[in-house]
Structures are given as structure tokens and as C-alpha cells.
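Labels below follow one simple rule: chain letters A, B, ... track the order of the sequence lines, proteins then strands, and each chain is numbered from 1.
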Amino acid sequence: MTAFHAGAPCGYSADMSTNRQLAEVFTQMALALELTGANAFRVNAHNRAARVCADLTDDLAQLVEREGDDAAQVLSAIDGIGKATASKIIEFVRTGEVKEHGRLMNEVPAGLFDVLAVPGLGPKTVKLMWDELGIVDLQGVKNAIEDDSILTLPRMGAKTVANITDAITFMETAGDRTRIGIALPLAEALVETMSQVKGVKRIQYAGSLRRGTETIGDIDLLITSADPLRAAEAFRTLPGVNKVLASGETKSSVRMSLPDGGAIQVDLRIVEQPAYEAALMYFTGSKQHNIRMRQRAIDRGLRLNEYGLFPEPPDPDAPPQKQNVTPVALTEQAIYEALDLPWIPPELREESVKLDGFDAAALIDLGDITSDLHTHTTASDGSMSIDQLADLAVAHGYHTVAVTDHSVSQPIANGLSADRLREHIQAIRTANERRSDITILAGSEVDILADGRLDYDDDLLAELDIVIASPHSALRQEPKAATSRLLRAITHPLVHIIGHPTGRYIGKRPGLSPDMPTLFAAAAEHDTALEVNAHWSRLDLRDTHIRAAAAAGSKLSINTDAHHADGMDVIRYGILAARRAGLDRDACINTWSAEALRTWLTRKR
DNA sequence: GCCGTTTTCGGCCCGACTGTTTTCAGTCG
């Protein structure tokens with residue numbers, strides 16, 4: 001989901017793609033509609049439109065341009081986009097604005113978006129603050145707390161005010177969503193610690209973490225326990241907990257410190273043993289997936305909630321689990337089956353994913369990976385020797401590792417001059433001949449310069465076993481320039497793989513926004529693989545791109561870009577992204593046998 | 001605002017927790 005960065009409701013930075021700009025427009029419209037008391041479903045439709053725009057692989061600007069008079073029809077065919085949204089998208093592409101968006105922005109003070117972003121403050125309360133107290137920004141809330149005028153609002157007591165104060169402080173100090181590479185190890189440590197607590201039987205993390213999303217809002221832990229009170233108490237007093245947000249019979253919420261100085265919310269849900277899997281399914285989400293499943297249940301005369309899948313209960317207005325109704329299904333497997341679906345892997349439980357759009361038997365998994373084709377040694381900016389790198393790859397069970405140090409235009413990464421690369425190639429070949437336990441390929445991560453030229457001469461590139469071409473600089477260039485730049489590298493006869501194609505850093509810099517369908521088609525035609533850089537700060541290509549690339553027939557290569565001894569561990573994040581894309585293992589060259597890989601590499605030599 | 005092998009109108013998932021209330025509104029996921 002697109003994070004809304006409050007405080008900047010107008011104006012878009014030049015390095016934002018049209019899709020992201022439109023996502024922000026619809027998000028802002030949804031917020032403004034909430035504050036003006038619009039129909040909740042209309043609000044929801046705008047939020048949905050925002051998600052669809054953010055996740056769409058096709059660049060909306062190019063799509064509208066390409067389709068001309070048919071644009072409205074093509075857009076309306078996309079799930080979640082109707083006539084009204086389509087015309088707003090077209091209006092935005094052609095005029096650079098959406099009139100209704102501008103009107104709403106004039107109507108609603110920009111500062112109220114910040115107020116709405118405070119955890120615990122929803123549209124009803126914020127609207128009340130605005131209407132009754134004239135509050136238009138965060139400072140206004142603080143002032144109203146200071147002079148106690150906030151207490152004149154209905155249902156506003158001392159405790160609520162204290163929570164608001166705390167939430168504002170939290171918001172002003174904590175960062176955005178947490179990247180999966182930070183959240184997943186923490187969640188695993190929490191699962192380990194909590195599983196030691198007496199009485200705890202089953203424990204697992206759920207939520208977006210189980211779905212493998214690239215960033216995580218909060219961590220959801222689900223447990224069954226013979227001693228729920230003890231488990232909840234143990235949870236609320238874990239080391240690192242700096243605030244208890246909620247403590248009920250079945251749910252506790254805390255805020256925990258992160259190693260990088262940030263904080264994250266962790267929820268513990270305690271459920272009864274029989275309902276464990278139904279609860280796991282429910283808390284895994286996504287929200288949209290749950291809604292689809294519940295609707296599917298209703299269509300079949302059933303009721304799905306976190307306690308199980310039930311027949312229609314005698315009293316339709318009361319929860320079925322409280323009416324002595326025998327559930328139809330309790331396990332994830334059985335629930336999906338009863339809804340006429342195969343078990344859907346958590347990574348594919350997303351709004352934009354078709355329920356039958358994957359082949360479970362062919363879906364890529366961690367165990368399929370047999371090579372790492374993007375790594376660094378001490379020759380450039382890594383900390384391992386060639387042999388240490390090879391040892392690491394052997395420990396991961398790989399048959400092949402490619403040594404791909406940086407090229408000359410990366411002086412900051414100690415990029416290799418042509419002469420140093422020739423020496424390095426020799427050192428790699430010597431190491432390779434010495435070892436029988438693994439194949440070490442002599443490669444390079446060669447820079448794609450701003451105009452698409454590569455950083456070494458073709459003669460030198462031809463000496464290498466494998467060439468990865470990656471963009472490292474000029475990452476703010478216009479989409480058209482980025483497209484032709486990357487196209488030039490994709491069509492280069494000596495290039496095997498395009499490394500981290502957009503150059504993004506999640507939450508830090510957006511990277512290039514080339515026209516992806518054009519790149520994917522070219523990659524397929526020229527048999528150039530596109531990288532899924534597995535590092536959790538990159539995940540580049542991202543999940544939706546991987547899906548579209550594979551659909552276009554391009555090959556993918558999932559690599560770790562390892563620089564250090566723990567560098568290959570991040571492969572799991574690349575696999576999660578690929579599974580979210582529904583990627584078949586055969587489309588990923590890192591799953592191939594040594595022979596198949598060698599044959600494919602030598603085709604470009 | 002979106003959507004439709006019952007529908008182009010009338011639906012749109014459902015339950016827990018909190019804080020304020022004496023039965024529930026607001027928020028969250």
C-alpha cells in the first residue's frame with residue numbers, strides 16, 4: 001500500500017512517476033472526502049483507485065497517450081477503476097491536474113492530513129475538531145490540548161487526550177513503515193522468545209510479514225496457550241517494549257524499539273486452539289483478500305470470520321461461533337477448499353492477484369536456488385576474497401557463483417580499471433581451476449552510464465563469463481531517457497543481466513521510472529535476464545514488475561549482491577518478492593542446472 | 001465510486017479494544 005506522506009498534499013517531485021502521482025491524488029481525495037463526510041464506500045473506492053495506480057506496471061501517462069480515444073475504455077477494464085476514475089486519470093495525464101482534487105484541496109485545510117495521520121484519530125474525530133474548535137493542523141491540536149478546550153468535544157476525556165499526546169510524539173519521532181529485512185528477523189526472535197513461555201503451544205507471525213511485503217506496518221503474532229494470561233503478561237514485558245498500547249483478553253499491543261533507532265508496533269493475538277488456523281488466515285490478510293474470501297463464503301451460503309468457516313447461523317445478526325453452530329472448515333487448507341479454491345500461499349493473498357492465477361507446483365521456492373550471479377569481493381567494495389565467497393556459496397548449496405565487482409566509473413566503490421579487471425579475471429580463473437566443489441564465473445557489474453553506454457569496451461566485456469549491467473548514477477533522469485538508457489543495455493549483445501534495473505532504495509529514493517512494458521518486451525526478445533536484487537533495501541525489480549516481466553516472457557535472475565559474509569542470507573527476500581509475483585521457477589535462471597546456465601551464458605559469447 | 005451466471009440499483013466483511021458511557025461510538029486491522 002502506498003504510504004501517504006502527510007504535509008505535502010500539493011506539488012509532486014519530478015522523479016515521481018505518473019502512477020505514483022495519481023496514487024497520491026486519489027489518496028488525498030479519499031482523505032478529503034472522509035473529512036467532508038462523504039459516503040464511506042466512495043472514500044474506499046478512491047483508496048482502492050490509489051492502490052491500483054501504485055501497483056500498475058503500465059505507465060499511465062504512456063497508456064493514455066497510446067490508447068487515445070479508447071483510453072477510458074481500456075482503463076475501465078482494470079479492476080477497481082470505473083468510469084469516474086478513468087476520466088480523472090485521463091484528465092490528469094492531459095492537463096496535469098484533476099479539477100475535483102483541486103477543489104477538495106481548497107475545501108480541506110492541508111494541515112488536517114497530518115492530524116488524520118495520528119494513530120487513534122479518525123475522520124469523525126478530526127472533523128469534529130475542525131468543525132467545533134477550528135483546528136486545522138497538528139499545532140492546533142496541541143494548542144487545544146494545552147488550553148483544555150479539546151475536552152469540550154464529546155467523548156473526549158483525560159485518557160484519550162493523553163493517548164493523542166503520546167501518539168503525536170510517536171509520529172513525530174518514529175519513521176515510516178519498516179522494511180522487511182528489519183522486521184522479519186525481529187519477528188523471528190520474538191517468536192523464539194515467546195515460544196519458550198510456559199503454556200504457549202503454537203506461535204507464528206501473520207500479517208503483511210507472512211505475505212512477504214517489502215515494508216511492514218506492524219508485526220502480528222498469533223498464539224495458542226494453555227495459560228493465556230501468562231503469555232500476554234510475558235509479551236507486554238518483553239525486552240525492548242517501551243509502551244503498552246492495549247491489553248485485552250485476546251489482544252495485546254506494544255510498541256518496541258528497533259535497532260536503527262525507530263520503533264514498531266507489535267500485536268499479540270491469543271486464540272483458542274481450534275480456531276488457530278482460521279485466525280491465522282484472517283490475521284494474514286490481506287484485508288482485501290479477506291473481504292474477497294468472506295464475500296465468496298456469503299455467495300455459497302456460508303460465513304467466514306476469524307473463528308472459522310460456518311454455515312449460515314439461525315440468528316444472522318449474531319456471530320455464528322456464539323450460536324453453537326458446527327464449523328464447515330477450520331484449517332486454511334479446508335477453508336480454501338470449501339470456497340472452491342486451492343490453498344493460496346500467503347504471498348499471493350493480495351488485491352491485485354487473481355485467485356487462480358498461479359501454478360502451485362511450479363511456484364519458485366528458496367530451495368530452488370542453485371547459484372548467485374551478483375557478488376562482490378575485496379577487489380572492489382566487498383569484504384571477502386574470491387575463495388571466501390566461493391566457500392559461502394558452497395555453504396548455501398550452490399553449484400555456481402559469479403564474481404561481479406564494480407566497474408571503473410564507481411570510484412567510490414573502488415571500481416576496477418580495465419587493467420585491474422584483466423588481473424582479476426586471471427585470479428578468478430586460477431581459483432576456479434583449483435576448486436572442484438563449485439564453478440566460479442569471472443564477471444563484472446558494469447555501470448550503465450547515463451546515456452546507456454557501458455563502462456568497459458566490448459573487447460574486455462567479451463573476455464568475461466558473465467556481464468551484469470546496472471545503473472548506479474543519474475537515477476533521477478526522465479522516464480524517456482531512462483527507458484532508452486536501459487534499452488541500450490538490454491539490447492547490447494554482450495550483456496546477460498540487467499542489475500537492479502531501477503536503482504531504487506525502498507523508502508529512501510524512488511530510482512528510475514522507465515516504461516517497463518517496453519523494457520520487458522526487449523528483454524524477452526534479446527534474451528537478457530532482469531535482476532531481482534534480493535537485498536531488502538532494494539528488492540529491484542519489485543513484485544509487480546517481476547509479474548509483468550515474466551508475463552512478457554523475460555527471464556529473471558534473483559541475486560544477493562553479497563558484499564559480506566552474511567550477504568547471501570538476503571536471498572529469502574528476493575524469493576518472497578518472486579513468489580508474490582507468482583514466478584515459476586523455470587523463469588529464474590538461478591534455478592537452472594550448471595549445464596543449462598553455462599549454455600545460456602555462452603550463447604552471448 | 002465500483003460492480004453484477006439472481007442485480008444497471010442497491011448493495012458494499014466483521015469483530016476486538018478503548019474510553020467514554022450506563023449501551024455505544026470511533027478506530028483499527
Salt bridge (Lys or Arg N to Asp or Glu O under 4.0 Å) evaluation trace for A:D58 with A:R66: CA-CA 11 Å; A:D58 261 309; A:R66 185 174 67 233; 3.8 Å; yes

Touch class at under 4.0 angstrom, heavy-atom based, for A:G217 against every strand present: nothing

Flag, side chain of A:T284 to backbone of A:A206, donor-acceptor distance under 3.5 Å: no

Selection from B:dC13, B:dC14, B:dC17 that lies nearest to any side-chain heavy atom of A:K287: B:dC13

Value rounded to 0.5 Å, distance of CG in A:N44 from CG in A:L33: 11.5 Å

Closest nucleotide among B:dT20, B:dA16, B:dC2 to the A:T160 side chain: B:dT20

Between C1' of B:dC2 and CG of A:N44, the distance in whole Å: 10 Å

Proximal nucleotide (of B:dT18, B:dC14, B:dG15) relative to the A:R294 side chain: B:dC14

Nucleotide nearest A:D218 when distance is taken to its side chain, options B:dC13, B:dG29, B:dC17: B:dG29

5' priority, DNA chain B, between A:V43 and A:P319 [closest heavy atom]: A:V43

Any A:N305 side-chain nitrogen or oxygen under 4.0 Å from OP1 or OP2 of B:dG15: yes

Sugar-phosphate, base or nothing in reach of A:D79, heavy atoms under 4.0 Å: sugar-phosphate

d(CG, A:D267; P, B:dT18) in whole Å: 11 Å

Side-chain N,O (A:T85) to OP1/OP2 (B:dC2) below 4.0 Å: yes

OP1 or OP2 of B:dA16 under 4.0 Å from side-chain N/O of A:Y307: yes

A:T250 side chain near B:dC17 phosphate (N/O to OP1/OP2, under 4.0 Å): yes

Spacing between A:I291 atom CD1 and B:dC12 atom P, to the nearest angstrom: 12 Å

Nearest-nucleotide 5' precedence on DNA chain B, A:G120 against A:L33: A:L33

Separation of atom CD in A:E351 from atom P in B:dC2, rounded to whole Å: 13 Å

Residue-phosphate contact under 4.0 Å: A:R42 side-chain N/O, B:dG1 OP1/OP2: yes

Distance, C1' atom - from B:dT7 to B:dG11, rounded to whole angstrom: 9 Å

B:dT22 and B:dG26, which share atom name P, separated by this distance in whole Å: 14 Å

Polar side-chain atom of A:T224 near backbone of A:R202 as donor-acceptor pair, under 3.5 Å: yes

Mate of B:dT8 where both pairing distances stay under 3.5 Å, Watson-Crick or G-U: none

Nucleotide B:dC28, atom P - distance to CG of A:N47 in whole Å: 13 Å

Nearest atoms (heavy-atom pairs only) where A:A279 meets A:V271: CB-CG1, 3.7 Å

Separation between the C1' atoms of B:dC28 and B:dC13, rounded to whole Å: 14 Å

Sugar-phosphate, base or nothing in reach of A:A158, heavy atoms under 4.0 Å: sugar-phosphate

B:dC3 versus B:dT8 - spacing of their C1' atoms, nearest Å: 10 Å

Nucleotide of B:dC13, B:dG15, B:dG1 approaching A:E306 most closely (side-chain heavy atoms): B:dG15

A:M293 side, atom CE; A:Y336 side, atom OH - distance, nearest 0.5 Å: 5.5 Å

Sugar-phosphate, base or nothing in reach of A:S247, heavy atoms under 4.0 Å: sugar-phosphate

Spacing of A:M156 atom CE relative to B:dT21 atom P, expressed in whole Å: 11 Å

Reported OH-to-CD distance for the pair A:Y276 and A:E306, which is rounded to 0.5 angstrom: 15.0 Å

Sugar-phosphate only, base, or nothing, as touched by A:P123 at under 4.0 Å among non-hydrogen atoms: sugar-phosphate

Nucleotide nearest A:D220 (side chain, heavy atoms from C-beta), chosen from B:dG15, B:dG29, B:dT18: B:dG29

Nearest-Å distance once atom P is located in both B:dC17 and B:dC12: 25 Å

Euclidean distance, atom CD of residue A:E312 to atom P of B:dC13 [Å, nearest integer]: 15 Å

Atom P, compared across B:dG10 and B:dG15: separation rounded to whole Å: 26 Å

Residue A:K124, side-chain atoms from C-beta onward, closest of B:dG1, B:dA16, B:dG26: B:dG26

Criterion salt bridge (Lys or Arg N to Asp or Glu O under 4.0 Å) on A:R255 and A:D166, from CA distance to verdict: CA-CA 12 Å; A:R255 194 182 294 147; A:D166 180 71; 3.2 Å; yes

Nucleotide B:dG29, atom C1' - distance to CG of A:N290 in whole Å: 9 Å

Nearest-Å distance once atom P is located in both B:dT20 and B:dC14: 30 Å

Presence of A:K127 side-chain N/O under 4.0 Å of B:dG26 phosphate oxygens OP1/OP2: no

Side-chain donor/acceptor of A:Y282 to base of B:dG29, under 3.5 Å: yes

